[in-house]
Each structure stands twice: as C-alpha cells, then as structure tokens.
Participant: 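Here it is: the structure, laid out below.
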Amino acid sequence: MKQFVIIISILFLFVSCKQKEEAVFSDVTIENNFKTYCNPIDIDYSYMSHYRANNNVSHRSGADPAIVNFKGRFYMFVTRSHGYWASDDMSNWTFIKPQGWYFSGSNAPAAAVKDGKIIVLGDPSGSGPVIETDNPEIGDWKTNYAVISLPHGIQDPNLFVDDDGKVYLYEESSNKWPIRGIELDSDNYYIPIGEQKDLFGLEPEKHGWERFGQDHESDLKPFIEGPWMVKHNDTYYLEYGAPGTQWNVYADGVYTSKSPLGPFEYAPYNPISYKPGGFLKGSGHGSTVKDNNGNLWHYSTMAISVNQLFERRLGMYPAGFEDDGQMYVNTAYGDYPHYLPDTKVDEHKKRFTGWMLLSYSKPVTTNSVTVKAAINVQDESESGYMLGQIKEYDISKINDEEIRSFWVSEANNDSMYVEIDLQKQMEIKAIQINFQDFNSVIFGRPDDLKQQFTIQASDDGKNWRTIIDYSKNKKDQPHAYIELEKYERGRFVRYNHIYCSNKNLAISEFRIFGNGLEQKPEQPQNFTVQRKEDRRDALLKWDKVEDATGYVIYWGISKDKLNLSALMYEQNQYKLRALNTDVQYYYQVEAFNENGISTKSEILKTE
C-alpha cells in the first residue's frame, strides 16, 4: 500500500542466494514443526529507511503481501523488503535475497504464476516492466525492458492470470481515483491492450466501513487501494483495501463480476476481512492464496504506526466461499493461536485452537529501570493521518494487549527479567514475545539480528524450571511465537533476557496462551442492538459478565453467516460503524476468559 507516488528508478541488485529457515532451541538448530501459528506472522521483517536522511528514524515493516503458490511452495512478496520469503508450510519462512531485484525494494508488488514462471510487477516509480523467473529460489529475475506506463501511473498493482491464460492488471492507491483494470498482452512483453477501464471507487456515504480514521471517525477522504483478483467457479471477486493502512479498521472488501473487466457489483456482505480490535488491528490490502490442501488463506496488512505511519505487520486468516458464493475471511480471535494449513481440523473456517490469553493485565514485575529517553519517530498525528503517540514505557504496557504501547528498559543485558503472575495455576501451551523498535538505528537487512532469551515457569515464584531455551538462538524473530512441545502447568512465568540487537530492550507484549482450570464465563444477558438514524452505525450493549476478560461480537447479513467480528477487552458495549446502509443485519455476542468461551447470545436482527 502507498498513499503517494514515490518516483524512483528501477535497478537490479545482485545479492546472495537463499538460506534455510530454521528455529533454534538452546544449542540445537532444528526446523520448527509447530501445529499452530499466531499473528502477527513471525518473519524477519526488513528495516525501512524512508526517513533516514531526515531524522534517522528506523523501524521494521511488512505490508501489502502478494503471495502465490508456485509448484507447491509459497512465495510472499512484501513492500520494500529487499527480497521475499518462501515456505513449504506457511510456518517456516525463508528470506530469499534474489540475484536481481529492485534496489529500493518493490512497492506493493504484484505477483502471479504464468506458464511455469512467477511474474512480478512492483517498480516503486509507478511504471516498469513485468519481470519473471522460473527459479525464485535463487531469484534470477529477467526483464523484457518493456516499461508499462499508464496515464496515472501504476500503484498497488495486481496481476491476474485467467483460466484461458489471459493476463490482467488491476491497480490504484488513491483517495481520488478508482480501481482500474486493463488486459496485458502476454505474447508481446505484457504491453497493455486498449485503454484502462475505471472499475469502481469508494462510496463511504453508503458503506460505513469505507470511512476514514480510527473506528471510522474521521471526515478526511478515505483511500482505495490494493486490488487482488480471485476467481471462484464462474465469478470474479476483485478484492480492494480501504479506508487507510494506519487505522484499526483497515479492511478488504470485494466486488464481483462475470467478466474480468466488469461490470462489477458491490458485495452487500462487505467487508470480507475486518479486524478492528485485539492486540494487533487491521486486516486490509491483502491477497488470497490456495494452500496444498485446497483451502484458501487471506494474508493482510496490520497496523502499528508508531515509529512512522507505514510501520506495519502481516497477518494470515482462513478464508473461503459459502455455498451461495459469499466470500469470507475469519478474523475472530485473529491474534490468538490458530492451526496451520497442514494441521487437520473438522472445518477449515474454524481453525482457532481454543487456547486463550492468560497474561492480560496480570501483575507484572521486572528488575529493570524504565527508559527515560524521548522517542525518535516521524510523528504525523497533527495532520489527522496518524494516531497520537503513547509516551509512557512502564512495565504495565507489556501485557495490555495493545501493540502500539510497549515497555522499554534502560538496559540491554543478561541480568534482566520480566515476571508475570497468572494468579492461579494454569495450563501453558504457547508463548509469544513481541519485540519493538525504540530509537533503533538499524536499516535494511543486517545478517546478524537475533533475540536470545529463556522462559521459565514456577508454581510458587521461587522454584523455577526452564520451558523454552532460546539462549543460543541465531534467528531473527521479532514476534517470536513458540508452541510448547509439552503443556506446562504453573502460576508464574518469567522472561529472562539475554540479548537483542537494538540498544534498548523494548517489548510491546509478553503473551502467554493456554487454558485456565476453572469455569468459562456465563452467556452475556440483555443483549440489545440499536441501529442509528445513520444506518451505517449501530450500538450494541449487553450486561457485564462476571469473570469475563472480554467479548466478541459477530454480525452479518444472513442469520447463518455471521462472518464479521470484533474483539474487545472489558467493555460491554460497542459502537459498530461498519454497516452498509441498504441491507438488514443479524448480531450475536459471546464472552471469554482464560478458561474458554461462553455460549453465544441469542441472535438479534435490525432492518
């Protein structure tokens, strides 16, 4: 995703070949064989350098994923990453430094498979040729030098290869112009055939979820971007992102057609991919790919926007089509552990493990002093295009389920620890440590980045046993997710720091997953829904449930397809501002805590 055009020339960078992706446990190096994953995707995100010349702001980012299945192996192309990732299982990802690539990194790249090759279009200048390779493992990308130059430039492109072999280009990233499409001549250097066609734009006055800002509460013009075409049976589904990459409500919608260039019809169940709540928010500008078991997955962009507006991460969610053709992406509990593609489940749509968050707002202590330094960021909050900064870095930020807040230690050495008291004995099944960049001075892709630590558990806070040993880890894991081989029971969990590559140790969240040993919360009572005079909005309320950690609301346009959801902690009401004006809706709510999920409420309807 890009909301402005960066003019930069295309050059190819000759670099080293692929390395094997591995996970490290103590001094033994093995490939992980997890059955689960947890968003954000734990890859070695590249460091950006957009503002290095101005104020030396450094941060990781990963956005606008274009993922393809090429000969049973997955290749993921990500904005300005100086290469791309490959995986056999969507769990272990290898970063590939291709022999030839864009010096400035590809910008919101397009990728597709055509005639035994991967084709890519992603020149950050807004014009350029389609490049291709039949060996993405070494990345000997070839160019035909036939620059595709369209009247408005090419932003956020998507290449789609139809069943008949014809190739189409869709593109745009703008709060002024619509999504456009054009056929390319694959027999003649992929040059355009005919004129570009305007396909559709945003209508935020009808579609609540297309409104700009955090929780859709800004009057600034929203952006449409990131098209991605999927064909299901005889119908074309053209996905698009809106209203802005930096907001919690960044989402993907879809228009459908019986022809690749339209006319297109708005899907009344939009958006399809929407995640406004939880630890990491947003699920827009994505791509949808079929795994090796025939199931679909939607990869999308998730917002941080602290160091810089375009500081982002990647998420993956089970996706598919209902019997009536409705497209869905299931983001419910979307940043809790889910089963991977090769883990067999009864229903692909329901891959949530049932492992609950045990660490939220629990008592936490550390032996380290909180940093006193001011943060060096590119702050655009006064413009209305970015949230304001959270400027406290105390230890309470480490388990508040907000990725934009984080704990920062004054020191970075092997004497530091962080300890969480779960307050009761619980069954621990997985750990996620989310490191954050605080006043980082790292740029590009150094090959020596790593995080080293151990995790211990205790029943009494005095006698400790090691349950995870990453003390000699050589791998860069900024969102280290570790599934325990054997479940552990304990009350106290401790992170023992050894090393990280930044000057300061900064952690946005220390997350502990598993299950408590007591009762699930009761069903929420007195559930009400009031659809507002502005039919894009509704207010949902219910009685607070004792011992509930939080709630998930569901909604949709069919009683049996409540495919949209929002998770919230503690609050027992929700202002839903993502509705379409001309359809009826159904709603439901459930409560959850460390022990599990309540039965759902009755389903309510609004006209």
Participant: Quick check: does any side chain N or O of Asp252 sit under 3.5 Å from a backbone N or O of Gly286, one acting as donor and the other as acceptor?
Facilitator: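 Yes; judged by distance alone, with no hydrogens or angles, the pair exists.
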Participant: Are Asn434 and His479 close enough that a side-chain donor and a side-chain acceptor fall under 3.5 Å?
Facilitator: yes
Participant: Taking atom types as modelled, find out whether Tyr250 and Ser300 have a side-chain donor-acceptor pair closer than 3.5 angstrom.
Facilitator: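 Their side chains do not contain a donor-acceptor pair, so the 3.5 Å distance test is not met.
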Participant: Could you tell me whether a side-chain N or O of Arg313 sits under 3.5 Å from a main-chain N or O of Arg60, the two making a donor and an acceptor?
Facilitator: yes
Participant: With no hydrogens and no angle check, is any side-chain donor or acceptor of Ser508 less than 3.5 Å from a backbone partner on Phe406?
Facilitator: no
Participant: Is there side-chain contact between Arg312 and Thr245, with at least one heavy-atom pair below 4.5 Å?
Facilitator: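 Sidechains of Thr245 and Arg312: in contact.
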Participant: Do Glu509 side-chain atoms and Ile403 backbone N/O form a donor-acceptor pair below 3.5 Å?
Facilitator: no
Participant: Please give me the minimum heavy-atom distance between Val147 and Gly128, naming the atom from each residue.
Facilitator: CG1-N, 3.5 Å
Participant: Please evaluate residues Glu171 and Asn158 with respect to the criterion side chain to side chain donor-acceptor pair (under 3.5 Å), reporting the C-alpha separation (whole Å), side-chain torsions for both, the decisive distance (0.1 Å), and the verdict.
Facilitator: CA-CA 6 Å; Glu171 60 87 24; Asn158 168 235; over 6 Å; no
Participant: The criterion is side-chain contact (heavy atoms from CB on, under 4.5 Å); which residues satisfy it with Asn69, sequence neighbours excluded?
Facilitator: Phe74, Val289, Asn292
Participant: Please check if any side-chain donor atom of Asp123 sits under 3.5 Å from a side-chain acceptor atom of Ser125, or the reverse.
Facilitator: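 Yes, side-chain donor-acceptor contact under 3.5 Å.
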Participant: Side chains of Asn270 and His207: any donor to acceptor distance under 3.5 Å?
Facilitator: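 No, because no side-chain N or O of His207 sits under 3.5 Å from a partner of the opposite role on Asn270.
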Participant: Would you say the side chains of Gln436 and Glu311 form a donor-acceptor pair under 3.5 Å?
Facilitator: yes
Participant: Scan side-chain atoms only and decide if Asn135 and Thr133 contain a donor-acceptor pair under the 3.5 Å cut-off.
Facilitator: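 Looking only at side-chain atoms, Thr133 and Asn135 do not form any donor-acceptor pair under 3.5 Å.
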Participant: Determine yes or no for a side-chain-to-main-chain donor-acceptor pair under 3.5 angstrom, with Asn188 supplying the side chain and Ile191 the backbone.
Facilitator: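 Not at all, since once roles are kept as given, no pair shorter than 3.5 Å links the two residues.
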Participant: Ignoring hydrogens, what is the shortest heavy-atom contact between Lys450 and Ser501? Give both atom names and the distance.
Facilitator: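 That closest heavy-atom pairing would be N-OG, 3.1 Å.
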Participant: Crowded around Tyr189 OH? As in, over 12 foreign heavy atoms under 6.0 Å?
Facilitator: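 No - once you tally the heavy atoms of other residues, nucleotides and ligands closer than 6.0 Å, there are 12 at most.
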Participant: Identify, with sequence neighbours excluded, every residue that meets salt bridge (Lys or Arg N to Asp or Glu O under 4.0 Å) alongside Arg351.
Facilitator: none
Participant: Is any side-chain heavy atom of Phe77 closer than 4.5 Å to one of Ile118?
Facilitator: yes
Participant: How close do Pro222 and Asn175 get, heavy atom to heavy atom, and via which atoms?
Facilitator: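 Looking at all heavy atoms of both residues, the shortest contact is O-CB, 2.9 Å.
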Participant: Walk me through it: do Asp437 and Ser58 pass the test side chain to side chain donor-acceptor pair (under 3.5 Å)?
Facilitator: CA-CA 8 Å; Asp437 295 306; Ser58 158; 5.7 Å; no
Participant: Indicate the atoms forming the closest heavy-atom contact of Asp44 with Pro478, along with that distance.
Facilitator: CA-CD, 4.2 Å
Participant: Locate the shortest heavy-atom distance separating Val377 from Val57; write the atom from each residue and the value.
Facilitator: C-CG2, 3.7 Å
Participant: Would you say the side chain of Ile148 lies within less than 4.5 Å of the side chain of Leu184, judging by non-hydrogen atoms?
Facilitator: yes
Participant: Would you indicate whether the side-chain heavy atoms of His338 and Thr36 approach each other to under 4.5 Å?
Facilitator: no
Participant: Which residues pass the side chain to side chain donor-acceptor pair (under 3.5 Å) test with Asp379, sequence neighbours left out?
Facilitator: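 Scan of Asp379 (side chain to side chain donor-acceptor pair (under 3.5 Å), adjacent residues dropped) gives Ser381.
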Participant: For residues 273-283, pull every pair meeting side chain to side chain donor-acceptor pair (under 3.5 Å), keeping only residues two or more places apart or in separate chains.
Facilitator: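 Residue pairs passing side chain to side chain donor-acceptor pair (under 3.5 Å), neighbours aside: His216-Tyr274, Ser273-Ser283, Lys275-Asp335, Lys281-Glu402.
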Participant: Using the test salt bridge (Lys or Arg N to Asp or Glu O under 4.0 Å), find all partners of Asp164 that sit at least two apart in sequence or belong to another chain.
Facilitator: none
Participant: Near Lys290 NZ, under 6.0 Å, is it more than 12 heavy atoms from other residues, nucleotides or ligands?
Facilitator: no
Participant: List the steps, then state whether side-chain contact (heavy atoms from CB on, under 4.5 Å) holds for Trp101 with Ile131.
Facilitator: CA-CA 9 Å; Trp101 200 242; Ile131 61 175; 3.9 Å; yes
Participant: Do side-chain atoms of Asn412 reach the backbone of Cys500 as a donor and acceptor pair under 3.5 angstrom?
Facilitator: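 Yes; at least one donor-acceptor contact below 3.5 Å.
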Participant: Please determine whether a side-chain nitrogen of the Lys or Arg among Lys142 and Asp140 lies less than 4.0 Å from a carboxylate oxygen of the Asp or Glu.
Facilitator: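 Looking at Asp140 together with Lys142, the answer is yes, because their closest N to O distance falls below 4.0 Å.
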Participant: Using modelled atom types and a 3.5 Å cut-off, is there a donor and acceptor pairing between side-chain atoms of Thr288 and backbone atoms of His298?
Facilitator: no
Participant: Apply side-chain contact (heavy atoms from CB on, under 4.5 Å) to Pro151 and list each qualifying residue two or more places apart in sequence or on a separate chain.
Facilitator: Gln196
Participant: Do any pairs count as a salt bridge (charged side-chain N to carboxylate O under 4.0 Å, His left out) and have a residue in residues 179-193, sequence neighbours left out, and if so which ones?
Facilitator: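 Those involving residues 179-193 are Glu172-Arg180, Arg180-Asp198.
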Participant: Determine whether the aromatic ring centres of Phe453 and Tyr470 lie less than 6.0 Å apart.
Facilitator: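 Yes, the ring of Phe453 comes within the 6.0 Å limit of the ring of Tyr470, centre to centre.
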Participant: Looking at every heavy atom in both His348 and Tyr328, which two are closest together, and how far apart are they?
Facilitator: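 Closest pair (atom of His348, atom of Tyr328, distance): CD2-OH, 4.1 Å.
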Participant: Can you name the residues that form a salt bridge (Lys or Arg N to Asp or Glu O under 4.0 Å) with Asp162, not counting sequence neighbours?
Facilitator: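 Testing Asp162 for salt bridge (Lys or Arg N to Asp or Glu O under 4.0 Å), a comparison that skips the adjacent residues, returns Lys231.
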Participant: Is a side-chain donor or acceptor of Asp89 paired with a backbone partner of Asp342 at a separation under 3.5 angstrom?
Facilitator: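 No, because the side chain of Asp89 does not come within donor-acceptor range (under 3.5 Å) of the backbone of Asp342.
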Participant: Any heavy-atom pair between the side chains of Leu169 and Leu150 that's under 4.5 Å?
Facilitator: yes
Participant: Under the side-chain contact (heavy atoms from CB on, under 4.5 Å) rule, what do Phe435 and Asn502 come out as? Steps first, then yes or no, please.
Facilitator: CA-CA 10 Å; Phe435 296 91; Asn502 279 314; over 6 Å; no
Participant: Using side-chain contact (heavy atoms from CB on, under 4.5 Å), reason through Ser91 and Tyr37 one step at a time and then give a plain yes or no.
Facilitator: CA-CA 7 Å; Ser91 178; Tyr37 71 97; 5.8 Å; no
Participant: One thing to verify: whether Asp88 and Arg73 come together as a salt bridge, which I'm taking to mean a side-chain N less than 4.0 angstrom from a carboxylate O.
Facilitator: yes
Participant: Should the ring pair Phe160 and Tyr170 be called parallel, tilted or perpendicular, given that the plane angle runs from 0 to 90° and is split at 30 and 60?
Facilitator: tilted
Participant: Run the side-chain contact (heavy atoms from CB on, under 4.5 Å) test on Met76 and Phe95 for me, step by step, so that the C-alpha distance in whole Å, both residues' side-chain angles and the decisive distance to 0.1 Å come before the verdict.
Facilitator: CA-CA 9 Å; Met76 183 167 63; Phe95 185 77; over 6 Å; no
Participant: For residues Phe212 and Tyr385, establish whether the separation of their ring centroids is below 6.0 Å.
Facilitator: yes
Participant: So, using side chain to side chain donor-acceptor pair (under 3.5 Å) as the criterion, who are the partners of Asn144 when residues are at least two apart?
Facilitator: none
Participant: Kindly say whether Gly83 contributes a backbone atom to a donor-acceptor pair with the side chain of Ser81 at under 3.5 angstrom?
Facilitator: no
Participant: Taking salt bridge (Lys or Arg N to Asp or Glu O under 4.0 Å) as the test, write out the residues that go with Lys166, two or more places apart.
Facilitator: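 Checked Lys166 against salt bridge (Lys or Arg N to Asp or Glu O under 4.0 Å); zero matches.
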Participant: Heavy atoms, side chains only, cut-off 4.5 Å: are Pro40 and Phe279 in contact?
Facilitator: yes
Participant: What residues, two or more places apart in sequence or in another chain, satisfy side chain to side chain donor-acceptor pair (under 3.5 Å) together with Lys117?
Facilitator: Glu132
Participant: Between the main-chain N or O of Gln155 and the side-chain N or O of Asn107, is there a donor-acceptor pair closer than 3.5 Å?
Facilitator: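 Not at all, since once roles are kept as given, no pair shorter than 3.5 Å links the two residues.
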Participant: Who are the side chain to side chain donor-acceptor pair (under 3.5 Å) partners of Tyr84, not counting sequence neighbours?
Facilitator: Trp141
Participant: Evaluate the ring planes of Tyr240 and Trp209, with Trp represented by its six-membered ring, and classify them as parallel (under 30°), tilted (30 to 60°) or perpendicular (over 60°).
Facilitator: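 Rings of Tyr240 and Trp209: tilted, 30 to 60°.
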